[in-house]
**Student:** 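Could you have a look at this structure, given as structure tokens, before my questions?
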Amino acid sequence: MVAQTVLRNCLQWAQDNGAFIDPKISFRITQEAGVAAFINEKCSPKPDQALIKVPESLLITSQQALKEFPQGADEKGLLNSITQLYLSKLKFGSNAVHLKSFYKPYLDVLPLELPQPYFWSTEEIVNLHGTDVYLTMRDTLNKLTKEWMGLCQVLSIEHAPQDKQLLLLFEEKPEAAVVPLEKFSAHINSCKLETLTWNSFAAYLWSHCIFNSRAFPRVILNKSDTKGSDLNEGFLYPIVDLLNHKNDIPVKWQMNEHNELCFMSQSGGFSANDELFNNYGDISNEKCLLNYGFWDSSNKYDFSRLTLKLPAALTNSVPIDFKKSGNYVSEDRETAILQFNLQPSGPLPAKLLPLFTYLSKLKSEETPTVRSVLEGIDQLASVVSQRLLFYKNFKIKTASNQKLHPHIVKLIKLYYQDNKKILNVTVEKLSVLQKKIFNANKEFSLSFKTIFKNDQKFANSLLLMFGAINYEDLITKDCLNDALLLWIIRSVNDTTSKQESFIKQMFKQVSDSIVIQKEDVMEYLPFYKKYFPNLTERIPEIYNIGEWGIRQFIVADTVIDRLVWIRKSNNEPIFLMKKDYELQI
Ligand SMILES: C[S@@+](CC[C@H](N)C(=O)[O-])C[C@H]1O[C@@H](n2cnc3c(N)ncnc32)[C@H](O)[C@@H]1O
């Protein structure tokens, strides 16, 4: 944490060089969030009233960086990287560079020790294993190292001796291979921040994290040369970058006619001791953690990410453009990776249920049906529940002789807790949605439990056959499917009843179109012999009426595939009339 004097010197430096800081603001150092700005007395600044004005000459931009590294002038895509390298040089260059720098008071206020997880110890990072944050960090560090190596090459900068091992890791690996996160953390932790050399990877990582957590977009400078340039290009904005973040806070950054970049808060009124916040963008906790090193459990923009790895052919068969919907991450010949952000409140991600509905569609269903959507919800709930187990089972891992930083342990626990909460809510949402869809289509359904209750004659036959006294016994005795097959044939043979007509219709449809091979008959024969002719003789009032040939069973099995949805929550088979379901895709 920076010292009071360092903070005071920075504020003084800015004011001595033309910055304006409204006297109603004071900056203090807080335990939870480092430097923070507070309002001294009750006030209501007007929406266009600048509370802080910083002359352009105090900003650190790519222009200054290019003066230091003119070889990079043609590398338009590398401007942020070059500015970050420049910041490394300013902060960690030999004392002479640093001490002489105009920016010294500002550089001193930039904390050496950063809270972002890139600087956590290997023992702390192990606790992120299996999370999205872990994968993002690993991929970012791989990308960043390559970017830094390329930059050093373009700018003819020698590598620092302490990076030898790190460079070897990349030289030994084939281009596409990824270096594990633990290798990076071992390397980063072996570097002492106080004695970093400016051209080292750790210094570049520090700069990258400072830039990521403090830079502002160049477009706000309103420069004529901004047009057509990289929208991601950033610059450092001393003093205003001392403000902490809050989602939804309305703020404005604007250049005035005196070339001062102004900060306006549009929150309306403040009470004494209110914190004056900036708004870094409405960001999720994952971003808060990775880019800024903090977590806010009340964050309404939070989400839990659901990553799905599916066979590419399967995703391609679904008529949804995942690239357009922003769910698509990558694809090789065999696998497609899709991501969906599950939010604590609000609806499910738009394309998630359609995806699972299409994946649950039978060949015999040309379009999504009530059955496929109900089945899709079950499949999705099972995927979410599996992920939920991962978060639920988490326990902090630590080697007995290793002390983890209590603040980091708190962040890790919050990460798991809040992801768990979101996934729990999602499972609940899916269950409510499933009930809603089922109830809306109840008149087109027939539960086997009800059939069992109402058809006493048939239930008695099952008692004789399986010893099943009640419906639950069918499940425990593992004969539910056999009972279903027998009942379908009984119902088809019962020509007097007008009920269950959709089942009879489907039976006829399958029976008319099915081509039965010798192998099918062989497959069903043992099952058939188990019951026939025994049943015909013992219970002729059911099993000697109509047709009970092996063919009937083969057809009935297909009818089950097409019409029966087994409700996951209680394993109950329910006949659903084939009915289109309109999905919003
Ligand atoms: C742009 S700087 C703000 C000034 C910073 N507090 C400092 O000490 O220099 C961003 C950093 O401030 C801290 N920060 C910002 N907003 C925060 C918040 N709402 N809660 C906790 N820390 C926060 C994080 O460490 C973040 O990386």
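Numbers here are sequence positions counted from 1. Numbering of ligands and ligand atoms starts at 1, following listing order.
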**Student:** Taking NZ, NE, NH1 and NH2 as the nitrogens, is one of them in Lys246 or Asp296 under 4.0 Å from a carboxylate oxygen of the other?
**Tutor:** no
**Student:** Taking Lys252 first and then Asp48, would you say they form a salt bridge - that is, a charged N and a carboxylate O separated by under 4.0 Å?
**Tutor:** yes
**Student:** Any Lys/Arg nitrogen of Asp108 or Lys104 sitting under 4.0 Å from an Asp/Glu carboxylate oxygen of the other?
**Tutor:** yes
**Student:** Can you work out which protein residues put a heavy atom within less than 4.0 Å of ligand 1?
**Tutor:** Ala33, Gly34, Val35, Pro115, Ser213, Arg214, Asp241, Leu242, Leu243, Asn244, His245, Tyr280, Tyr292, Phe294
**Student:** Could you check Leu128 against Met137 for side-chain contact (heavy atoms from CB on, under 4.5 Å), going step by step and ending with a plain yes or no?
**Tutor:** CA-CA 10 Å; Leu128 296 174; Met137 283 170 65; 4.1 Å; yes
**Student:** Indicate yes or no: does Lys24 engage Glu41 in a salt bridge with an N to O separation below 4.0 Å.
**Tutor:** no
**Student:** In chain order, what residues pass the side-chain contact (heavy atoms from CB on, under 4.5 Å) check against Lys309, with sequence neighbours excluded?
**Tutor:** Thr335, Ile337
